[in-house]
Amino acid sequence: MKLSNLEAYVPAKLYNRGVDYFERDYVEELRENAPNRWHALVSGTRDYHVSINLTGKETVSSTSCNCPFESDSLCKHEVAVCLAIVEYKEENPGGAADVLPKLKAMKKVELLKILEDLLQQQPAVNQYLVEKFSEPVEMNDNVARRLIRKSASRASRRGFIEWDRTDDAVEGALEVQEYLDALHPQQDSEVLIRFNLIIIEECTEMLQIADDSSGSIGMVIDESLANIQEAMEQWPEQLSEERVDRMLELLYPQILFGLEQGITNAAEELTESVMQWTSQGEYSDKIYGFIEKIIASKEMQNKTYHYDEERFRTYQLAILQEQGDKEKIESFCQKHRSYPDIRKAEIALALNQGEFKKAVRLCEESEQQDSALPGLVYGWKELRFKAYEELNSVPEMIELAYTFTVEGNETYYGKLKNLVDSEQWPAMLEKLLVELKTKARGKALYVIILIDEKRTEDLLEYCRSNVSGIETLYPHLMGDYPHEVNEIFTSYIYRSIESASDRKKYQAACDKIETFQNALGAEAARGLIEELKFMYPKRKALLDELSKIQ
């Protein structure tokens, strides 16, 4: 392995972390104890001692680090030290003074005196010797928690972690994740899940005292959730009831913790990880009961809003749908119909099973039930439209498509035009344009329809009332109304310049002149520019910007 191309030998994730450590000056006390025998201290959640042995100037022959990482690859601390060695060699081509022969020539009492002085003057030396004579700490639950908490504590100031210190705060969590990266995803699946749960819990606690606007803590949580999802998806062997029970027991308190904190989606994602096992039919009832236990918990019942319970009820409905017991599904939906998501799932099921009249009935009931919530009502109407499409109920589709179009929905305008008979369309169009013209949300679609229907006279009238529209709409008007376009565009530019007071606004106005030039030609633009120079001879910034127009 060459110092000059470490990235060819080290996984990208570890190499990038090593580069980050090196660039943040975490490598300290780099020294060459003997020819090609290097040692350094790397700060992090704790201080790690790294040794690098070289063969010749470039080849790495062996490395060691007292961090928990175990792999055939270099760890991030070793990568950082290798990069520091390269930098040192570039800055000191002649090499450092060789003190080793001098030390070897000294008497024992002299060496002890030097060591005593170092211990008093350099705390890091004392720490190095303490750790050198200590047994290496094996990773376990308590060690993992200490690593995570220690980095969080070091990053906090007066009990709070500022946004620019969150990267430092998660160093311990990343240390644990790095340890997990070296484990076998199938052989060590339970260990992976347990440690990732620890990371999620500790980082969720960290969020309570941090400004995570950078997203560093959230990303660590998301990565651990993804790791658990993957571990449970690729479970290495046939599930047994004992193993399922053990995993549910492990996950249950963490799901309740996520619900209680309410600042991440960990509770839902952990439950969704378990849901993967419902495809093995003998455990679907057990997982259904597990979810019922979560719903009955005080953490769930203490919620002010019922969104979480609604979400977990949809998990139960998914299990029942997988089992395919129509009677149970119907009974469940009747019992929990107060939740919109349950009704939505029920309607989707009716549509999938070809029960279109039932879907219409359920949509109409939901529209009535949620009449005070326009957003939900809109959604129920869209589902009802789908059912009408399957039933080929043209009058009902026209009625709904018209309602959606008046609200500014372009998709349903296309559907409406295709549904209405060509003889009836002109009258429908007139009525539609009158309504769209008066609605704020309908203005964009109003313009689209005018263009689509080639209503240039109405489009010109629109531009007279909304002069800024001329910038984009002039191509549709130039054929019939070139003089009117010139008039509206000129008026629009004059208004922009009249209200302008700084160079940035003058630049914006001159951009409009360039568009004017594209529309009406170079000669018309030159005339307009000369007029503006005459009108505003004292606005030097404006005159300067006008002179730049080609």
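What you see is a predicted model; the values in this text were computed from it and never measured. Counting from 1, the numbers follow the sequence of the chain as shown.
At most 12 non-hydrogen atoms from other residues, nucleotides or ligands lie less than 6.0 angstrom from CD of E423. Around atom CZ of R441, no more than 12 heavy atoms belonging to other residues, nucleotides or ligands sit under 6.0 Å away. The environment of E389 atom CD is dense: over 12 non-hydrogen atoms of other residues, nucleotides or ligands sit within 6.0 angstrom. Open room surrounds CD on E399; 12 or fewer heavy atoms of other groups in view lie less than 6.0 Å from it. Open room surrounds NZ on K504; 12 or fewer heavy atoms of other groups in view lie less than 6.0 Å from it. Enclosure of atom NZ in K443 is not indicated, since only 12 or fewer non-hydrogen atoms of other residues, nucleotides or ligands lie within 6.0 angstrom.
Inter-residue side-chain proximity for I199 and V220 is flagged as met; some heavy-atom pair is nearer than 4.5 Å. Residues N409 and Y378 are in side-chain contact: their nearest non-hydrogen atoms beyond the backbone lie under 4.5 Å apart.
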side-chain hydrogen bond (donor to acceptor under 3.5 Å, both in side chains) between E407 and Y412, intermediate numbers included: CA-CA 10 Å; E407 291 296 319; Y412 285 95; over 6 Å; no
Full working for side-chain hydrogen bond (donor to acceptor under 3.5 Å, both in side chains) between N486 and T490: CA-CA 6 Å; N486 190 334; T490 301; 3.0 Å; yes
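Contact check on E514 versus K548 returns no salt bridge, with no Lys/Arg side-chain nitrogen under 4.0 Å from an Asp/Glu carboxylate oxygen. Taking 4.0 Å as the cut-off between side-chain N and carboxylate O, D168 and R24 count as a salt-bridged pair.
Taking the six-membered ring for Trp and the full ring otherwise, the centers of F385 and Y388 sit at least 6.0 Å from each other. In summary, the aromatic rings of Y474 and F516 are positioned with their centroids too far apart to meet the 6.0 Å limit.
Residues passing the salt bridge (charged side-chain N to carboxylate O under 4.0 Å, His left out) test with E272 are R311, sequence neighbours excluded.
In this structure, K431 is positioned above the aromatic face of Y402, its NZ or CZ under 6.0 Å from the six-membered ring centre and within 45° of the axis.
Looking at E390, its side chain never comes within 3.5 Å of a backbone N or O of A387 through a donor-acceptor pair. In terms of modelled atom types and a separation under 3.5 Å, the side chain of D20 and the main chain of N16 share no donor-acceptor contact.
When all heavy atoms of D211 and F160 are compared, the pair lying nearest together is N-CZ, 3.5 Å.
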